[in-house]
Amino acid sequence: MEKTSSVIEERIKKGQKLKSMGINIYPAGYRSDITAGEAVERFGNMDAETVEKESKSYAMAGRIMALRDFGKASFIHIKDGTGRIQAYIRKDRISEDKFKIFKLMDLGDFIGIRGSFFRTRTGELTILAEDIALLTKALRPLPEKWHGLTDVEARYRQRYLDLIANDDVKEVFVLRSRIIQAIRDFFIKKDFLEVETPMMQPIPGGATARPFKTFHNALGMDLYLRVAPELYLKRLVVGGLERVFEINRNFRNEGISIRHNPEFTMLEFYMAYATYEDLMVLTEELFNHVLLEIRGTNVIEYQGETIDFSPPWNRISLIDSLKDMADVSDEVFKGREQAVEFAEKCQISLSERDGHGKILAKLFDHLVEPGLIRPTFIIGYPTEISPLSRRNDETPDIVDRFELFIGGREIANAFTELNDPVDQRERFESQVALREAGDKEAQFMDKDYVTALEYGMPPTAGEGIGIDRVVMLLTDSPSIRDVILFPHMRTKQV
RNA sequence: GGGCCGUUAGCUCAGCUAGGUAGAGCAGCGGACUUUUAAUCCGUUGGUCGUGAGUUCGAUUCUCGCACGGCCCA
């Protein structure tokens with residue numbers, strides 16, 4: 001049994017009183033003529049006299065966010081999806097019954113008001129009520145008006161309260177939607193086809209990550225929530241869909257942090273006849289398009305750092321970045337042993353399974369990544385840690401791949417796709433060996449995918465971009481939880 | 001998984017150092033007030049102090065475990 005606070009009891013009583021007066025406290029619908037935003041747009045620039053001359057009677061609806069009571073009159077703030085407007089309710093302007101109903105309304109209730117606009121003595125655009133209607137009774141009080149809701153746990157668990165109390169939170173999610181729309185527009189204009197591929201996969205592929213496992217009762221088989229859509233999107237390229245993209249959720253059964261949520265949104269796109277070098281240019285173009293669309297500039301502030309997105313962005317190989325930005329000596333690149341020794345000196349934990357390439361990548365993660373604030377393409381990844389990427393023609397132990405770093409974080413991963421089925425089978429086999437040796441993140445053999453490659457995939461390049469992290473950058477949000485409406489939390493035991 | 005910090009009224013926070021069973025502001029309730037802007041003025045209700053144990057005559061306060069959350073590390 002949940003305890004009922006006196007504040008709630010008080011509101012329940014008011015609801016009962018209203019019901020006894022014959023008032024439906026949860027009526028259906030309400031026809032309004034104007035929103036708060038439209039009212040400001042229409043009358044915002046008019047002087048007091050003009051407002052009164054021009055304003056007809058309008059109906060508007062919203063939530064009562066502030067209430068200043070003078071006994072026989074009240075000022076209230078009404079908030080709707082477009083903004084906030086003040087209403088003035090006078091006893092001598094509405095019927096006695098309606099005034100009684102109004103007196104039983106609380107902060108947080110939804111109200112419908114009919115009236116005409118005027119300007120108050122202090123100049124605020126205000127609707128003078130001729131008629132009011134209770135649209136929904138709120139039984140619980142809203143968070144405090146001045147400080148809002150600051151308890152982080154409550155903000156995430158009860159996001160609706162966060163949205164009611166904190167206007168800037170809503171703004172983040174409006175921007176999130178616009179960012180995704182801008183990305184979608186960009187690809188549609190470039191003749192990409194938006195597709196949807198399975199979230200539930202019999203073999204989880206396309207990324208080095210631990211999957212969530214589930215079970216399909218009717219088929220009697222295990223299924224995995226996808227860690228990436230990659231292998232399905234490339235099957236589509238085999239099928240002749242030469243430019244495809246998908247913006248959707250991936251699931252990774254890993255830790256939760258300021259930049260990881262178990263489910264997160266990924267953009268992946270594939271472009272036949274392109275190379276990873278083409279994608280670097282395309283990526284610069286994409287970000288500049290989105291930034292211009294959303295922020296009107298390609299220079300932004302993120303957590304106190306200024307980030308300039310003007311192309312071209314710096315390109316540097318993984319090895320050179322370690323040499324130049326972390327003073328790693330040449331020795332470390334000569335062999336695994338030297339790299340192990342150096343990593344241990346840096347107190348970076350390794351696994352016995354880690355090959356030379358994996359160790360270099362770990363060194364990079366610790367020593368270089370946090371410092372890559374300006375957009376930077378890191379190229380020249382070891383083949384060992386890139387089982388789906390095409391080998392570099394000159395240096396087969398690296399691949400034609402880049403990762404993009406902005407604000408000290410990985411934002412994108414792209415490569416020219418491996419379309420040689422024989423090489424692909426061998427790469428899968430070495431992943432399987434790693435898995436058998438205990439690496440839970442290693443990839444699975446996907447024979448059907450190899451079969452698809454045997455039919456022939458045209459030379460193709462593909463890229464994945466972490467949408468949540470892009471939204472973090474563009475909304476100056478420090479945590480991924482700030483850009484995900486309902487971030488994952490442990491269920492609270494009562 | 002480890003370290004540090006937090007959890008007190010519906011919300012925002014004091015109180016805990018030096019143990020004597022809780023305070024403020026907002027919201028609520030009662031009253032005054034028909035142009036206010038966090039309205040104002042007078043009065044007032046509301047708390048198993050996250051949870052379980054221990055120490056103690058006595059624990060919101062000290063100790064330990066647990067739960068949930070935050071940050072950092074792995």
For [X] and [N], give me the distance from atom [atom1] to atom [atom2], rounded to whole Å.
X         : N      : atom1 : atom2 : answer
Asp69(A)  : G30(B) : CG    : P     : 11 Å
Leu139(A) : C11(B) : CG    : C1'   : 17 Å
Tyr156(A) : G70(B) : OH    : P     : 7 Å
Asp162(A) : C11(B) : CG    : C1'   : 13 Å
Glu10(A)  : G46(B) : CD    : C1'   : 11 Å

Fill in: Which residue lies more 5' along RNA chain B, comparing Arg490(A) with Gly255(A) via nearest heavy atoms
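On the 5' side of the pair lies Arg490(A).
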
Practice prompt. Kindly confirm whether the side-chain ring of Phe75(A) is stacked on the base of U36(B), judged by centres under 5.5 Å and planes under 30°.
Written response: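 The base of U36(B) is stacked with Phe75(A) (centres under 5.5 Å, planes under 30°).
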
Any side-chain N or O of [X] below 4.0 angstrom from OP1/OP2 of [N]?
X         : N      : result
His366(A) : A74(B) : yes
Thr150(A) : U12(B) : yes
Arg68(A)  : A39(B) : yes
Lys145(A) : C11(B) : no
Arg121(A) : A39(B) : no

Practice prompt. Could you tell me whether Arg157(A) contacts a base, only the sugar-phosphate backbone, or nothing, with contacts defined as non-hydrogen atoms closer than 4.0 Å?
Written response: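 Here Arg157(A) touches the backbone only, sparing every base.
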
Practice prompt. Report which part of the nucleic acid Lys14(A) touches: base, sugar-phosphate, or nothing (heavy-atom distance under 4.0 Å, all strands).
Written response: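 Sugar-phosphate: the residue Lys14(A), judged by heavy atoms under 4.0 Å, touches backbone atoms but no base.
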
Discussion item. Does the Lys NZ or Arg CZ of Lys79(A) fall within the cation-pi geometry relative to Phe110(A) - under 6.0 Å from the ring centre and within 45° of the axis?
Written reply: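 Pair Lys79(A)/Phe110(A) does not count as cation-pi.
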
Worksheet entry | N/O donor-acceptor pair, side chain Thr120(A) with base U36(B), under 3.5 angstrom |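 Side chain to base: pair present.
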
Worksheet item: Taking the six-membered ring for Trp, are the ring centroids of Tyr381(A) and Tyr276(A) within less than 6.0 Å of each other?
Response: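 Not close enough - the centres of the two rings lie 6.0 Å or further apart.
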
Worksheet item: Tyr58(A) and Phe117(A): aromatic ring centres closer than 6.0 Å?
Response: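 Yes; Phe117(A) has its ring centre under 6.0 Å from that of Tyr58(A).
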
